Amino acid sequence: MQHPGPPQFMSVGESVQLAPRDPNPDADYSWRVRSAPVASSLELDEDTAVVQFTPDAAGRYVVELDAPDVTYTLTVRVFPGSYLPAGSVRSGASGMSGMSGYSGQSGSARPTGFSGGASGSGSGTGDAQRGRGGRPRIRLDATVEDGVVVVRADPHPNPESDTDRDDLVVEFVVDDRDEVDDAAVETDGWELRVPLSAIGDRLRVHAVALDETYSVPDTVTVEREAIADGGVAEAETDAVQADVTGHADGSGAQEASVSVSRPNDPPQWAQAVTLYEIYVRGYASDVEDADNTFEALETRLDYLESLGVDCLWLTPVLENDHAPHGYNIVDFYDVAEDLGTREDYERFVEAAHDRGMKVLFDLVLNHSARAHPFFEDAYKNPDSEYYDWYEWREDGEPGTYFDWEYIANFDHRNLDVRRYLLDAVDMWAEVVDGFRCDMAWAVPDTFWQEIRDRVKAKDPEFLLLDETIPYIADFHEGMFDMHFDTTLYFTLRQVGRGDEPAERILDAIEQRTQVGFPDHASFMLYLENHDETRYVVECGEDEALAAAGALFTLPGVPMIYGGQEIGQRGRRDALAWDHASDDVHEHYERLIEVRDETPALRYDGTFRRIDYEADSDRAVAFVRDHDDGSYLCVLNFAPGATTVDVGDLDVDATDVVSGESVAAEGGVRVDDVVVCPLA
C-alpha cells in the first residue's frame with residue numbers, strides 16, 4: 001500500500017483525480033476533507049476509492065485517505081481561479097473522453113487540424129494566456145550546511161512578462177509522505193531551511209513560483225543512506241555537520257550519508273542519445289533466414305551501432321488485434337505471436353544492451369483493443385465483471401478518441417483497471433530502459449505520477465517519454481522526463497513546405513519557455529514517425545537535409561524514424577534497403593558524430609538568437625553555447641547554396657560537419673547545414 005502521492009498544486013476551476021496507489025481492488029478506501037479554506041464547502045464522496053477533487057475556494061486543503069491499515073494525508077494547494085495557467089491539463093481533457101470532432105485512424109495519436117503546435121489544449125499560447133506575460137519558471141537546489149538542509153529556489157519570470165524577477169513569490173510545500181517536524185521548517189522568501197535532526201530518512205520539497213499565474217512545480221530530494229543497524233546516519237558533531245554539504249548538481253563536497261537529487265531532471269544517459277524508432281513489422285521484413293521478427297531486428301543492430309544510434313524505440317510488441325501498428329492491444333502481458341516470444345524479445349533487448357544501446361517500450365495505458373477478451377465479455381453486458389473497466393456512452397458504445405473503431409477507453413476510476421495496468425508496467429519495466437508513453441494526455445496525470453514513482457524507485461535512470469499533441473508543460477510535474485516537441489515538428493513541416501520563413505524555427509524553440517516548461521525539461525525532436533507522411537515526400541530532398549540539420553543542432557534529443565536516414569519514402573512500408581541513398585545516410589552519420597563530439601549541441605548547451613541577414617527567408621542562423629566552446633549553426637531550406645551574413649560575430653569558417661571552409665564574400669555559405677566554431 002502506498003501514499004496517494006505528492007502534494008498537488010492547482011487553481012479553482014481545475015479538477016484532479018485522486019486515488020490510492022498500489023491498490024488492492026478488494027480493499028475498502030475512503031476519502032474526506034480534513035481541513036479546507038474557510039470559504040470552502042467541499043465534500044468528497046467517502047464511499048468511492050477514486051475521487052475527483054474539484055476545489056471551490058483558494059487556499060490550502062488537507063485531505064485524508066483511509067486505507068485498510070493506515071490513514072494518509074495529502075496537501076493540495078489551490079490558487080484563485082485567476083491564476084489558472086492557460087492550457088492547464090486539469091482544466092482540459094487529461095484522462096477523459098470527449099475529444100470528438102477530430103478524426104483519425106487507429107494507430108495515430110495526432111489530431112487532424114492542429115498546425116504549428118500553437119493551438120489546442122495544452123499549447124498555452126495565444127490570447128488565452130493568463131498572468132503578466134505567461135507562466136514563470138522555477139528550479140530548486142539544496143545543500144546541507146552545518147546540519148541544516150537549505151533548499152533554494154531560482155525563479156524566473158516568463159520572457160513575455162513585465163514582472164521583475166525580484167518580485168516573484170515562491171511557495172514551498174513539504175511532501176506529506178516524509179517524516180518531518182513541521183515546527184522546525186522555516187521559510188524566508190526563496191529559501192526553506194530545516195535541521196537534519198527534524199527529518200527522517202528522506203525530505204522532498206516542492207515549490208512553485210508565483211506571478212499572476214503559477215509555474216510548473218519543481219522538486220528537490222534529500223536522502224540519508226541506511227546504516228547497518230537499520231537506522232539512518234546522523235551527523236553527530238558540529239565538525240561532521242559542517243562537512244555534510246551536497247548539491248543537487250553534484251558539485252561540491254558531499255557527505256556519504258546524505259545525498260541530494262533533482263528528480264525532475266532527465267536521466268543522465270538520455271541527455272546525449274540519438275533515438276531511433278523501429279516500426280517492428282517492416283523494419284527487417286527482408287531478412288529471410290531469421291526464425292522470428294526479433295531475431296531479424298537483431299541483425300540490424302550492427303548497422304544501427306555503426307550509424308551512431310544509442311537508444312531504440314520499438315512500436316508496440318504486445319499481442320494485438322493484428323493491425324500492423326500494434327496499438328490495439330489484446331494482452332498486456334504477452335508478446336505478439338507473429339513477432340516471436342517474450343524470450344525472443346528479451347534476447348533482442350540484451351543484444352541491444354551488449355552494443356551500448358538503450359531500449360524503450362511503447363506503453364499503451366489509455367485503451368485496449370475491442371478484441372481484448374475483457375471488452376468482448378463486457379460489450380452490451382452490464383452484468384459482466386469487466387463492464388466497469390471501460391467508459392461507456394449513452395448509446396452503449398465504448399468511449400474512444402477520434403472515432404477509432406477498434407479501441408475502447410479504460411475507466412481509470414476502477415481499481416481493477418489500475419491494478420491490471422500497474423502490474424503490466426512493473427513487468428515490462430524490468431526488461432527495458434524506459435517507456436514511450438502513447439497518448440499520454442488521455443491518461444489521468446496522477447496515474448502517471450504513480451507510474452513514475454514506481455519505476456524510478458527501482459531505477460532512477462528509467463526514462464519516461466510522453467507523446468502529447470500539443471505538448472503540455474504540466475507534464476513535467478513529476479510525470480515525464482522528455483516530451484515530444486510537437487511545436488517544432490509542425491514548424492519544421494511548415495518551413496519545409498515554404499509556408500513559413502525559417503526563422504519560425506527559433507520561435508518554436510522559445511515557445512517552450514513561453515508556455516511554462518522549466519529550463520531543465522528535455523524534448524525529443526523529430527521530423528516524422530509511423531503516423532506521419534515522410535518529410536522528404538511532403539517537403540522535398542533539399543528541405544529534408546536542412547531539417548536533419550535542425551534535429552542535431554537545436555536544443556533537444558534527435559529522433560530518427562527507421563528509414564529516414566536512407567531517404568525512405570513509404571511511411572509504414574518495408575524499408576527499401578536496396579534503394580538507400582548513400583548521400584542521405586552519410587549526412588545523418590556525420591550529423592550524429594558531430595553532435596556526439598560537440599557538448600554545445602547537447603542538453604547542457606544553451607541556445608541564443610543572433611542578428612543575421614540572408615539571401616532568402618528560408619535560411620536561419622543561431623548560436624549554441626557551452627563552457628567547452630560556442631558554435632554558429634546555419635540551416636538553409638532552399639534548393640542550392642545561400643550566403644548568410646552574421647555581422648561582427650567572430651567565426652572560424654571551418655564547418656565541422658563537412659570539414660571544409662564555408663567562408664564566402666559577405667558571410668558563410670550554406671547548402672543545408674553548417675556548424676562553425678566561434679573564435
Side-chain angles (χ1 to χ4, degrees), residues 116-118 124-125 134-137 139 154 156-160 216 265-266 270-274 471 473 476 481-492 495 500-527 546-559 591-592 594-612 614 619-637 644 646-647 649-651 655-657 668 670 673-678:
T125 60
R135 299 184 78 169
R137 309 179 316 285
R139 174 189 170 96
D154 181 18
H156 290 273
N158 192 280
E160 303 299 319
V216 173
D265 286 347
Q271 297 175 11
V273 296
T274 295
Y471 53 35
H476 208 79
D481 303 301
M482 189 183 296
H483 316 275
F484 275 47
D485 193 334
T486 54
T487 295
L488 182 63
Y489 164 81
F490 286 117
T491 302
L492 286 169
V495 171
E500 294 285 352
E503 192 168 10
R504 291 288 181 268
I505 293 169
L506 309 185
D507 298 338
I509 297 299
E510 291 180 342
Q511 182 181 297
R512 301 169 180 173
T513 300
Q514 291 166 357
V515 304
F517 276 102
D519 295 337
H520 47 269
S522 181
F523 295 85
M524 188 195 79
L525 315 184
Y526 65 109
L527 299 180
L551 294 185
F552 290 88
T553 57
L554 291 167
V557 171
M559 189 277 281
L591 287 171
I592 294 171
V594 166
R595 182 174 178 272
D596 286 346
E597 295 173 348
T598 311
L601 300 181
R602 301 200 299 269
Y603 177 80
D604 291 331
T606 58
F607 160 88
R608 63 182 164 102
R609 288 182 184 255
I610 59 171
D611 292 328
Y612 68 93
V620 62
F622 54 94
V623 166
R624 299 294 308 277
D625 293 307
H626 191 272
D627 291 343
D628 288 346
S630 297
Y631 290 80
L632 168 70
C633 304
V634 188
L635 306 171
N636 174 32
F637 288 80
V644 177
V646 294
L649 204 63
D650 193 0
V651 179
D655 173 26
V656 298
V657 179
V668 296
V670 55
V673 55
V674 159
V675 179
C676 294
L678 298 189

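Every heavy atom of this structure was used, including side-chain atoms; hydrogens, water molecules and symmetry mates were not. For clarity, every value in this text was computed on a predicted model and none was experimentally measured.
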Item to complete: Find the distance between OG1 (Thr553) and CZ (Arg595) and round it off to the nearest 0.5 Å.
Response: 10.0 Å
Worksheet item: Hey, are the side chains of Val674 and Val657 touching, using non-hydrogen atoms and a 4.5 Å cut-off?
Response: no
Discussion item. Closer than 3.5 angstrom, by distance alone: can the side chain of Asp625 be matched with the main-chain N or O of Ser630 as a donor-acceptor pair?
Written reply: no
Worksheet item: From Ile509 CD1 over to Arg608 CZ, what is the distance, rounded to the nearest 0.5 angstrom?
Response: 16.0 Å
Worksheet entry | Beyond-backbone contact of Val675 with Asp655, side-chain heavy atoms, under 4.5 angstrom | yes
Worksheet item: Tyr489 and Phe484: aromatic ring centres closer than 6.0 Å?
Response: no
Discussion item. Could you tell me if the side chain of Tyr471 sits less than 4.5 Å from the side chain of Gln511, heavy atoms only?
Written reply: yes
Item to complete: Verify side chain to side chain contact (heavy atoms under 4.5 Å, CB included) between Arg609 and Asp507, making sure each step is shown before the conclusion.
Response: CA-CA 10 Å; Arg609 288 182 184 255; Asp507 298 338; 2.3 Å; yes
Response to the item:
Between His520 and Asp265 the two heavy atoms that sit nearest each other are CB-OD1, 3.3 Å
Response to the item:
Heavy-atom nearest pair, Val594 first then Val656, reads CG2-O, 3.5 Å
Worksheet item: Under a 4.5 Å cut-off applied to non-hydrogen side-chain atoms, are Glu510 and Pro159 in contact?
Response: no
Item to complete: Please state whether the rings of Phe523 and His483 are parallel, tilted or perpendicular, taking 30° and 60° as the class boundaries.
Response: tilted
Worksheet entry | Between Tyr603 and Ser522, a side-chain donor and acceptor under 3.5 Å | no
Discussion item. I'd like to know whether CG of Asp611 has more than 12 heavy-atom contacts from other residues, nucleotides or ligands below 6.0 angstrom.
Written reply: no
Worksheet item: Could you give the distance from CG (Asp596) to OG1 (Thr274), rounded to the nearest 0.5 Å?
Response: 5.5 Å
Practice prompt. Begin with the C-alpha distance, continue with both residues' side-chain angles, and end with the deciding distance and a verdict on side chain to side chain contact (heavy atoms under 4.5 Å, CB included) for Leu554 and Asp485.
Written response: CA-CA 11 Å; Leu554 291 167; Asp485 193 334; over 6 Å; no
Discussion item. Does Val634 form a side chain to side chain contact (heavy atoms under 4.5 Å, CB included) with Cys676? I'd like the steps, not just the answer.
Written reply: CA-CA 9 Å; Val634 188; Cys676 294; over 6 Å; no
Discussion item. I need the minimum non-hydrogen distance between Phe552 and Pro558, along with the two atoms involved.
Written reply: CE2-CG, 3.5 Å
Worksheet entry | Arg624 (side chain) donor-acceptor with Ala600 (main chain) under 3.5 angstrom | yes
Worksheet item: Once you round to the nearest 0.5 Å, how far does CE of Met524 lie from CE of Met559?
Response: 4.0 Å
Item to complete: Evaluate the side-chain proximity of Tyr612 to Glu503: yes if any heavy-atom separation is below 4.5 Å, no if none is.
Response: yes
Fill in: salt_bridge(Arg139, Asp519) N-O dist < 4.0 Å
no
Worksheet item: Roughly how far, to the nearest 0.5 Å, is the OG1 atom of Thr487 from the CG atom of Leu492?
Response: 11.0 Å
Worksheet item: Can you check whether Leu678 reaches Leu632 side chain to side chain, under 4.5 Å on heavy atoms?
Response: yes
Worksheet entry | Spacing of CG belonging to Leu527 relative to CG belonging to Leu551, to within rounding of 0.5 Å | 4.0 Å
Item to complete: Provide the closest heavy-atom pair for His626 versus Gly605 in the form atom of the first, atom of the second, distance.
Response: CD2-N, 4.1 Å
Practice prompt. For Ala473 and Arg135, work out which heavy atoms get closest and say how close.
Written response: CB-NH1, 4.3 Å
Worksheet entry | Ala621 versus Leu506, closest heavy-atom pair with distance | O-CD1, 3.9 Å
